[in-house]
**Student:** 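Below is one structure. I have some questions about it.
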Amino acid sequence: MKIYIAHSRGFDFEKELYRPIRADDELEQENIILPHEEVDASKNTREFYKRLDLVIAEASYPATGLGIELGWAYDDGVPIAVLHRSNAKVSHSLYAVTQEFHEYYDCNEIPAIIKDIINAHQYN
């Protein structure tokens with residue numbers, strides 16, 4: 001599976017998102033693309049999203065670019081799951097692209113949630 005983790009740039013995503021994901025041995029075995037790890041996500045072409053198997057969006061922080069990415073993925077029929085901090089006000093527009101929402105309290109919970117999302121989508 002080719003899994004893309006979409007997110008805003010409006011927080012310390014390297015510390016709060018990338019480190020917990022990359023520190024997890026099981027997730028290292030997955031084909032997870034973190035958009036600002038090696039490439040600039042703003043340079044992803046429209047075709048990029050058509051080749052994805054799953055998009056997981058960290059949606060605690062609003063961002064126009066994130067919305068565009070999710071719109072493209074939705075348009076291409078790519079399943080979308082949203083994860084967000086428990087105290088975040090999640091945009092209601094996300095319900096137009098998915099009904100799958102996962103809440104976390106601490107960024108250290110993110111790897112377990114991502115593994116659950118991946119497992120659920122591998123058998124769909």
Side-chain angles (χ1 to χ4, degrees):
M1 278 182 88
K2 193 171 191 178
I3 305 157
Y4 183 70
I5 309 290
H7 61 82
S8 164
R9 291 187 196 206
F11 70 112
D12 188 353
F13 55 84
E14 289 182 3
K15 178 182 175 188
E16 296 178 34
L17 188 61
Y18 291 14
R19 282 187 200 157
I21 291 170
R22 291 303 186 213
D24 188 281
D25 291 337
E26 289 177 57
L27 289 180
E28 274 298 311
Q29 306 306 311
E30 301 290 343
N31 185 8
I32 295 177
I33 301 163
L34 300 173
H36 303 291
E37 190 173 53
E38 294 179 21
V39 297
D40 185 359
S42 66
K43 297 198 187 322
N44 288 342
T45 66
R46 180 71 180 84
E47 292 300 312
F48 169 81
Y49 300 91
K50 293 178 180 183
R51 295 189 301 268
L52 299 174
D53 297 303
L54 175 64
V55 172
I56 301 173
E58 200 307 336
S60 301
Y61 308 90
T64 302
L66 175 60
I68 292 168
E69 289 184 303
L70 296 180
W72 285 347
Y74 177 78
D75 189 48
D76 292 330
V78 178
I80 298 168
V82 171
L83 59 108
H84 63 88
R85 285 195 169 277
S86 61
N87 61 352
K89 184 176 181 193
V90 178
S91 171
H92 288 288
S93 62
L94 291 170
Y95 289 93
V97 297
T98 188
Q99 296 300 309
E100 185 176 351
F101 291 82
H102 303 268
E103 183 178 81
Y104 67 93
Y105 295 91
D106 180 89
C107 64
N108 293 317
E109 297 173 73
I110 291 173
I113 294 169
I114 290 175
K115 286 186 269 190
D116 287 345
I117 293 168
I118 292 169
N119 287 334
H121 284 272
Q122 284 180 334
Y123 302 106
N124 287 340

**Student:** Indicate yes or no for a side-chain donor-acceptor contact from Q99 to the backbone of Y95 under 3.5 Å, with no hydrogens or angles considered.
**Tutor:**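 Yes; judged by distance alone, with no hydrogens or angles, the pair exists.
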**Student:** Output, in order, the C-alpha distance, side-chain angles, deciding distance and verdict of side-chain contact (heavy atoms from CB on, under 4.5 Å) for K115 and D24.
**Tutor:** CA-CA 10 Å; K115 286 186 269 190; D24 188 281; 2.9 Å; yes
**Student:** Taking the side chain as every heavy atom from C-beta outward, state whether I114 and H102 have any atom pair closer than 4.5 Å.
**Tutor:** no
**Student:** Apply side-chain contact (heavy atoms from CB on, under 4.5 Å) to residues L52 and I33 and explain how you reach the verdict.
**Tutor:** CA-CA 10 Å; L52 299 174; I33 301 163; 4.2 Å; yes
**Student:** Ignoring hydrogens and angles, state whether a donor on the side chain of H7 or E16 is under 3.5 Å from an acceptor on the partner side chain.
**Tutor:** no
**Student:** For a quick test of reading the model, state the closest non-hydrogen atom pair linking T98 to I80 and the distance between them.
**Tutor:** OG1-O, 2.5 Å
**Student:** So do Y105 and R85 actually touch side chain to side chain, heavy atoms under 4.5 Å?
**Tutor:**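 The answer is no; the side chains never approach within 4.5 Å.
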**Student:** Examine distances only and state if a side-chain atom of E30 and a backbone atom of L27 form a donor-acceptor pair shorter than 3.5 Å.
**Tutor:** no
**Student:** Under 3.5 Å, is there a donor-acceptor pair between the side chain of D75 and the main chain of G71?
**Tutor:** no
**Student:** Given Y18 and I5, is the side-chain contact (heavy atoms from CB on, under 4.5 Å) satisfied, shown in steps?
**Tutor:** CA-CA 9 Å; Y18 291 14; I5 309 290; 5.7 Å; no
**Student:** Within the supplied structure, the quantity of interest is the number of heavy atoms (other residues, nucleotides, ligands) at a distance under 6.0 Å from D106 CG; does it exceed 12?
**Tutor:**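 Enclosed.
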**Student:** Is it true that, when you exclude F11 itself, more than 12 heavy atoms of the residues, nucleotides or ligands shown sit nearer than 6.0 Å to its CZ?
**Tutor:**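 Yes, because the 6.0 Å sphere around CZ of F11 holds more than 12 heavy atoms from other groups.
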**Student:** Can you check whether D53 reaches H121 side chain to side chain, under 4.5 Å on heavy atoms?
**Tutor:**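 Contact flag for D53/H121 side chains = no.
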**Student:** Atom CD of E37 and atom CG of L34: how far apart are they, to the nearest 0.5 Å?
**Tutor:**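 Result: 4.5 Å between the selected atoms.
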**Student:** Minimum heavy-atom separation for Y104 and L83, please, with both atom names.
**Tutor:** CE2-CD1, 3.4 Å
**Student:** Just by modelled atom types, is the A63 backbone N or O under 3.5 Å from a matching donor or acceptor in the S8 side chain?
**Tutor:** no
**Student:** Can you check ring-ring contact (aromatic ring centres under 6.0 Å, His included) on F48 and Y4, steps first, answer last?
**Tutor:** CA-CA 10 Å; F48 169 81; Y4 183 70; 5.2 Å; yes
**Student:** To the nearest 0.5 Å, how far apart are CG in L94 and CG in L66?
**Tutor:** 7.0 Å
**Student:** State whether the side chain of Y49 and the backbone N or O of V55 hold a donor-acceptor pair below 3.5 Å, judged by distance alone.
**Tutor:** no
**Student:** Please enumerate all residues that pass salt bridge (Lys or Arg N to Asp or Glu O under 4.0 Å) together with D76, with sequence neighbours excluded.
**Tutor:** R46
**Student:** SG/C107 to CZ/R19 distance, rounded to the nearest 0.5 angstrom?
**Tutor:** 10.0 Å
**Student:** So which atom in I113 and which in E103 form the shortest heavy-atom distance, rounded to 0.1 Å?
**Tutor:**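 The pair with the smallest heavy-atom distance is CD1-O, 3.7 Å.
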**Student:** Using modelled atom types only, decide if a donor and an acceptor are shared between the side chain of E58 and the backbone of S60 within a distance under 3.5 Å.
**Tutor:**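 Side chain of E58 to backbone of S60: a pair is present.
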